[in-house]
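Heads up: the structure comes next, in structure tokens.
All values reported here derive from a predicted model rather than from experimental measurement.
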Amino acid sequence: MKLFVGNSNPVLAQSIARYLDLPLGRATVRRFADQEIFVEIQENVRGEDVFIIQSTSYPANDHLMELLIMIDAMRRASARRITAVLPYFGYARQDRKAGGRTPISAKLVANLITEAGADRVMTMDLHAGQIQGFFDIPTDNLFAVPLIARDIKEHLDLDNVMVVSPDVGGVVRARSLAKRLDALLAIVDKRREKPGESEVMNIIGDVDGRHCILIDDIIDSGGTLCNAADALMAHGAKSVRAYITHGVLSGGAVPRIVNSNLEELVISDSIQPTTAIREARNIRVVTAANLLAEAIARTATEQSVSSLFD
């Protein structure tokens, strides 16, 4: 098996390679003067089981094109099997028609990856489970809940912890974490007036005197999370922490988090953290490298991936 990486998250790829005790494959991903992407695979991949590690994070379109061109290069170089490893799957929030005459871009991206020549896809904490069905090739959706549960057990006293879903849609994820921690569950009921903004309406569950842990798959602007933290504190919570798999944190999200009621925001390195994220006083990054590496190893040796989460 061989590992290759684009430009989106080389640090995570190096950590995965160290876990697997494999070197990263030699490849050039560069741009012409007009920013057209050019890829050259600099070693033989004929008959190899190839894994391409590439999050489609900011700039999403550039990183997506890098992935597609790398897949095409591998296919034309006669790789035996090509697995696209997307720690963060961009466009996942466009998984349905939100209104008239709008696209389902997650399905379009799934088609592009399939048509480029990928034989398999591996990703982590998809925004919506049905996106697996958008692919006509095998797709592994890894869950970060075991990683999050382990970190919580290492850093917190579980006696007075309550897991909180920031919206109704995230209840399944929150319930899974609460079960692993043997903790109670609460839900933030919110009404979204327009994209990127939310208004917290009510807290379902008694959070008074509890150390609350918000869990979600993506944090972008941070508005929803900060509003939820404010509401929880107003309802008597002792402290509020958040565990989010994908730290998009665009625009002014980092200063918003720093100045919020969140005691700590913990994100994975599925998206390479910026300098601002690394320097923020209340943002901590945990690595998902071992989880991804173990899933890659099991895929290469035809072992069960789902047993990772039993």
Side-chain angles (χ1 to χ4, degrees), residues 8 35 37 54-69 71 84 86-118 121-144 164-176 187-204 214-228 230-231 242 244-253 256 270-271:
S8 71
Q35 298 305 299
I37 297 167
Q54 176 84 330
S55 285
T56 50
S57 50
Y58 175 85
N61 299 332
D62 285 3
H63 288 152
L64 176 59
M65 278 305 300
E66 283 184 14
L67 174 65
L68 297 175
I69 294 170
I71 292 171
L86 292 84
Y88 170 66
F89 181 80
Y91 287 97
R93 286 172 284 182
Q94 298 183 53
D95 61 313
R96 65 193 185 283
K97 285 179 69 71
R101 297 168 297 282
T102 57
I104 304 178
S105 302
K107 171 59 176 170
L108 172 61
V109 172
N111 288 344
L112 290 170
I113 292 171
T114 304
E115 290 302 315
V121 168
M122 182 181 296
T123 187
M124 185 169 67
D125 269 4
L126 281 171
H127 184 63
Q130 69 262 24
I131 295 174
Q132 283 181 283
F134 292 176
F135 289 92
D136 294 325
I137 54 178
T139 304
D140 293 311
N141 181 27
L142 309 180
F143 302 112
V164 182
S165 173
D167 54 38
V168 174
V171 170
V172 172
R173 183 181 295 106
R175 186 183 294 121
S176 175
I187 303 167
V188 178
D189 173 36
K190 72 171 193 277
R191 180 176 301 161
R192 190 181 295 276
E193 300 297 336
K194 56 184 178 180
E197 293 184 11
S198 64
E199 179 185 355
V200 173
M201 302 299 292
N202 194 23
I203 304 294
I204 303 171
L214 286 157
I215 178 172
D216 210 349
D217 62 319
I218 297 174
I219 177 170
D220 190 350
S221 66
T224 295
L225 210 63
C226 292
N227 288 347
D230 292 343
I244 313 293
T245 308
H246 308 297
V248 177
L249 295 172
S250 60
R256 185 176 293 115
S270 62
I271 299 172

Nearest 0.5 Å, please: how far is [atom2] in [Y] from [atom1] in [X]?
| X | Y | atom1 | atom2 | answer |
| --- | --- | --- | --- | --- |
| Gln35 | Asp62 | CD | CG | 7.5 Å |
| Ser165 | Leu214 | OG | CG | 8.5 Å |
| Ile215 | Leu225 | CD1 | CG | 11.5 Å |
| Asp217 | Phe89 | CG | CZ | 13.0 Å |
| Ile137 | Gln132 | CD1 | CD | 12.0 Å |
| Ile218 | Ile244 | CD1 | CD1 | 10.0 Å |

field: pair Leu249-Tyr58: side-chain heavy atoms closer than 4.5 Å
entry: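 Of all side-chain heavy-atom pairs linking Tyr58 with Leu249, none is under 4.5 Å.
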Counting C-beta onward and ignoring hydrogens, is there a side-chain heavy-atom pair between Leu68 and Ile113 closer than 4.5 Å?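 Leu68 reaches Ile113 side chain to side chain.
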Which heavy atom of [X] sits nearest a heavy atom of [Y], and at what distance?
| X | Y | result |
| --- | --- | --- |
| Arg93 | Tyr88 | NH2-OH, 3.9 Å |
| Thr56 | Gly90 | OG1-N, 2.6 Å |
| Ile203 | Ala231 | CD1-CB, 3.9 Å |
| Ser270 | Thr245 | OG-O, 3.5 Å |
| Leu126 | Arg173 | O-NH2, 3.8 Å |
| His63 | Ser55 | CB-O, 3.6 Å |

Within the distance-only criterion (no hydrogens, no angle test), does the side chain of [X] pair as donor or acceptor with the backbone N or O of [Y] below 3.5 angstrom?
| X | Y | value |
| --- | --- | --- |
| Asn141 | Asp125 | yes |
| Ser176 | Val172 | no |
| Arg256 | Ser221 | yes |
| Gln54 | Ser8 | yes |
| Thr123 | Leu86 | yes |

Flag if over 12 foreign heavy atoms under 6.0 Å of CD, Glu115:
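Atom CD in Glu115 is not crowded, with 12 or fewer foreign heavy atoms closer than 6.0 Å.
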Worksheet item: Given the rule in the side chain to side chain contact (heavy atoms under 4.5 Å, CB included) test, do Thr114 and Phe134 qualify, once you have shown the distances and angles that lead to the verdict?
Response: CA-CA 10 Å; Thr114 304; Phe134 292 176; over 6 Å; no
